[in-house]
Amino acid sequence: MARKRYLKKTPLKEARELFLERLQTSEPKSEAVPVSDALHRITSEPVFAKVSSPHYHAAAMDGIGVRAVDTFGATEFNPKRLRIVSSGAPAEGGFAYVDTGHPLPRWANAVIMIEKVQKIDDLTVEICEAVAPWHHVRLVGEDVVATELLLPRLHRLRPYDLGALLAAGHTHVRVRTRPRVGIIPTGDELVEPGDELRPGAIIEFNSTVLAAFVDEWGGIPVRLKKVGDDPELLGQALRDAVRQNDIAVIIAGSSAGEHDFTADVVEKEGELLVHGVNVMPGKPAVLGVVDGKPVIGIPGYPVSAIVIAREILQSAIRKLLGAPVSTPAKVSATVTKKIPSHLGLEEFVRVNLGRVGGKMIAVPLGRGAGVITSMVHADGLMRIPSLSEGVNAGEEMEVEILRSPEEIENTILCTGSHDLSISILEDQLKLQVPEFKIAATNVGSLGGLLSLHRGESHMAGTHLLDPETGTYNIPDIQRVIPALPVVLVQLVHRQQGLLVQRRNPKGIGNLKDLTRDGLTFVNRQPGSGTRVLLDFQLKRLGIDPRAISGYEREEFTHMAVAVAVATGLADVGLGVRSAANALELDFVPVGEEEYDLLFLRSFLESEKGMQVMKVIGSGSFQKAVTALGGYDTRSTGTVLYRQ
């Protein structure tokens, strides 16, 4: 089969408008549901109160029901006595006991709180102040009067709305029928979660993610059986989906590859409106109509799928509900680094957000369309317009937030060198102070110092060895950021060494072996403490880095180095023992080093900083770190340097 090309890449806004115009515009369906089942449903018509609430004059307090006129003139110095009324209308000066919510006697028009009533005997009480008519009385219709408008059309029902409906006499409410969305995963490579994983197999999770979004946006998700790479089978699945659902979604097969059939199938079964949207990630999207039903071809990469779902599927569901798409909350934030972008493509960049020194900071995350965990860690999405070639470091940009403003305000930005102990620190902090979160990005030790200097993070992990003195971190702090008020705290001592495959098949024993023929090395990036340590040791041993095959190949984390070795992309790399343990690699020790945290002094003296220090000093944190292997916490929490 000839390789296909995109018919025409359409701007996102234009593609969405074209697609929504073709959705059926007849009156949306509605149904009556019990009020108890109506949470988050959308009203299809105005709702009017059937009964008044309250529907009788009710006592608002525990006390006595009285006629206000009988209390006039009562004072502390001239109290009045009232006699209990057994039945019928009272003579002058009568009262009746009432409880909160009870109907007021027909003759009464006020309530005196029981705390202000002095009992004389079983039939007589004394009062020391007068009350006005209808004092402490809930009048008929105080909440709502019968026939009054209770809720408007197209209102999303909240918990207190349900209470108002019941109070106003409704047991059922008419709401818009939830659109059914049939979701078809495609691809021979897909396996169900929990199935055996073979090389080339991909766990099918996109349908679960999309189903959760559909439910959140007010639709009914219908996850259908997986379809392999067969256009005939896909065509049949699509026909079934549009017959049984209001919207059909096909996952994957929307690009222009040899086994991508979605666009052809949609065109064969109905009308193809769009093949290719000028958005990144999410470009290989398909939009069409089959038997009058909207069809969306969602890209297979998970972040691409999420972008297209948020931007197009959500709008389709809301239109079928007759309700607007809610405007996402946004914040203005300063971008920490230059982000180049493709001219002509609207790009969605995932970012971490946090407030440092009164300024909201946006830290870009990985941009890979297949990295679902980047959405887990992201606090927001930053849109780069299609007519822009990118964003400069320090530029202010609007960011759509994916978490609550409170969560973002309580985020602690940690950058610098990567270490697994930071993950333990985040977990222990969450355990002790659930509202706080650490968002860590890995830019190397030197990058962490510079990030603190620019006011873009609260703390940085660092393990920079000074070759002249053999001292960690302090000389570099004094040299690179001499005027910045900071505090250096020891986090751990850790073992650095050579990560090699299990049973060390190449017999690697020390750094000198890195120059052997047939060995491939994987390095860390310049500016990382591990790279500084390696270069220091190579110089000490008189080894020319050019003699090491793979010296120029760089990764940004210890785990990335471990993955490269575990998967056979490299024979050996330098990293920490905990990374070797995590992937069951062998470890050849090279030496012990300090891994410290450098704090902005202003942050360390804040509530968040003090909580972080409390966790670092806790036995639970130190025990959890030690359990990783290759760590020593003998000096953890010690303040090493103040500047």
Side-chain angles (χ1 to χ4, degrees), residues 415-422 442-450 460-480 488 490-500 508-515 519-562 564-565 570-582 585-598 625 628-632 635 640-641:
T415 188
S417 174
H418 168 256
D419 190 80
L420 296 177
S421 60
I422 298 297
N442 309 310
V443 297
S445 296
L446 184 58
L449 269 58
L450 295 174
T462 178
H463 58 118
L464 289 168
L465 173 65
D466 178 49
E468 301 298 325
T469 64
T471 303
Y472 275 92
N473 297 318
I474 295 174
D476 282 279
I477 294 170
Q478 294 172 335
R479 177 177 58 84
V480 177
L488 184 68
Q490 179 138 108
L491 192 62
V492 291
H493 286 85
R494 65 183 188 180
Q495 290 183 341
Q496 284 265 27
L498 297 174
L499 280 57
V500 298
I508 300 168
N510 53 50
L511 290 173
K512 293 180 179 179
D513 289 338
L514 299 183
T515 61
L519 281 186
T520 302
F521 181 71
V522 58
N523 208 346
R524 287 292 305 279
Q525 83 279 15
S528 67
T530 300
R531 178 67 167 264
V532 172
L533 174 64
L534 174 67
D535 291 345
F536 169 74
Q537 294 287 1
L538 294 179
K539 183 178 180 180
R540 184 180 65 83
L541 295 171
I543 298 174
D544 186 347
R546 291 174 295 183
I548 300 174
S549 175
Y551 178 87
E552 68 287 347
R553 182 187 169 179
E554 299 162 356
E555 296 289 353
F556 277 79
T557 68
H558 294 287
M559 289 305 297
V561 170
V565 174
D571 299 306
V572 58
L574 188 65
V576 293
R577 181 184 287 274
S578 57
N581 292 347
L585 299 172
D586 279 11
F587 183 80
V588 179
V590 169
E592 186 183 69
E593 67 169 7
E594 294 180 17
Y595 180 83
D596 303 329
L597 280 179
L598 184 63
V625 169
L628 292 173
Y631 290 97
D632 191 305
S635 303
L640 302 174
Y641 175 69

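The chain is numbered in sequence order, starting from 1.
Using a 4.5 Å cut-off on side-chain heavy atoms (C-beta onward), E593 and L465 make no contact. Considering only heavy atoms from C-beta on, Y551 stays 4.5 Å or farther from L514 through its side chain. Annotation: side chain of T469 is in contact with side chain of P475 (closest heavy-atom distance under 4.5 Å). Proximity of V576 to T530: side-chain heavy atoms (C-beta onward) are nowhere separated by under 4.5 Å.
Considering every non-hydrogen atom in both F521 and A570, the closest pair reads C-CB, 4.3 Å. Of all non-hydrogen atoms in S417 and Y595, the two that sit nearest each other are O-OH, 2.8 Å. Between G497 and L574, the shortest heavy-atom distance links the atoms O-CD1, 3.1 Å. S549 approaches L519 most closely through the heavy-atom pair CB-O, 3.4 Å. Residues A580 and L499 share a closest heavy-atom pair of CB-CG, 4.0 Å. The nearest pair of heavy atoms linking L538 to P545 is CD1-CG, 4.3 Å.
Every residue two or more places apart in sequence or in another chain was checked for a salt bridge (charged side-chain N to carboxylate O under 4.0 Å, His left out) with R577, and none qualifies. In terms of the side chain to side chain donor-acceptor pair (under 3.5 Å) criterion, residue partners of Y631 (sequence neighbours excluded) are, by chain and number, D419, S578. Not a single salt bridge (charged side-chain N to carboxylate O under 4.0 Å, His left out) links E594 to another residue, sequence neighbours left out. Under the side chain to side chain donor-acceptor pair (under 3.5 Å) criterion, E592 pairs with R634, sequence neighbours left out. Scored by the salt bridge (charged side-chain N to carboxylate O under 4.0 Å, His left out) test, D466 finds no partners at all (sequence neighbours excluded).
How far CG of N442 is from CD1 of I422: 9.0 Å, rounded to the nearest 0.5 Å. Note that CG of L533 is 5.5 Å distant from CD of Q496, once rounded to the nearest 0.5 Å. Atom CE of M559 is separated from atom CG of L420 by 6.0 Å, given to the nearest 0.5 angstrom. Q495 CD to F587 CZ: the interatomic distance, rounded to the nearest 0.5 Å, is 5.5 Å. Atom CZ of residue R494 and atom NE2 of residue H463 lie 4.5 Å apart, to the nearest 0.5 angstrom. For the atom pair OG of S635 and CG of D596, the computed distance is 9.5 Å after rounding to the nearest 0.5 Å.
Residue T462 forms a side-chain hydrogen bond (donor to acceptor under 3.5 Å, both in side chains) with just one option from D476, N473, T415, and that option is N473.
Within the structure, the salt bridge (Lys or Arg N to Asp or Glu O under 4.0 Å) test picks out the following pairs touching residues 527-538 (sequence neighbours left out): R531-D535, R531-E554.
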Report task. Could you walk me through whether L449 and I477 pass the side-chain contact (heavy atoms from CB on, under 4.5 Å) test, one step at a time? Result -> CA-CA 7 Å; L449 269 58; I477 294 170; 4.2 Å; yes
Requested in this report: Please step through side-chain contact (heavy atoms from CB on, under 4.5 Å) for the pair V561 and R524, ending with a clear verdict.
Outcome: CA-CA 8 Å; V561 170; R524 287 292 305 279; 3.6 Å; yes
**Report entry** side-chain contact (heavy atoms from CB on, under 4.5 Å) between D513 and L498, intermediate numbers included
**Finding:** CA-CA 11 Å; D513 289 338; L498 297 174; over 6 Å; no
**Report entry** Pair F556-H418, side-chain contact (heavy atoms from CB on, under 4.5 Å): steps then yes or no
**Finding:** CA-CA 8 Å; F556 277 79; H418 168 256; over 6 Å; no
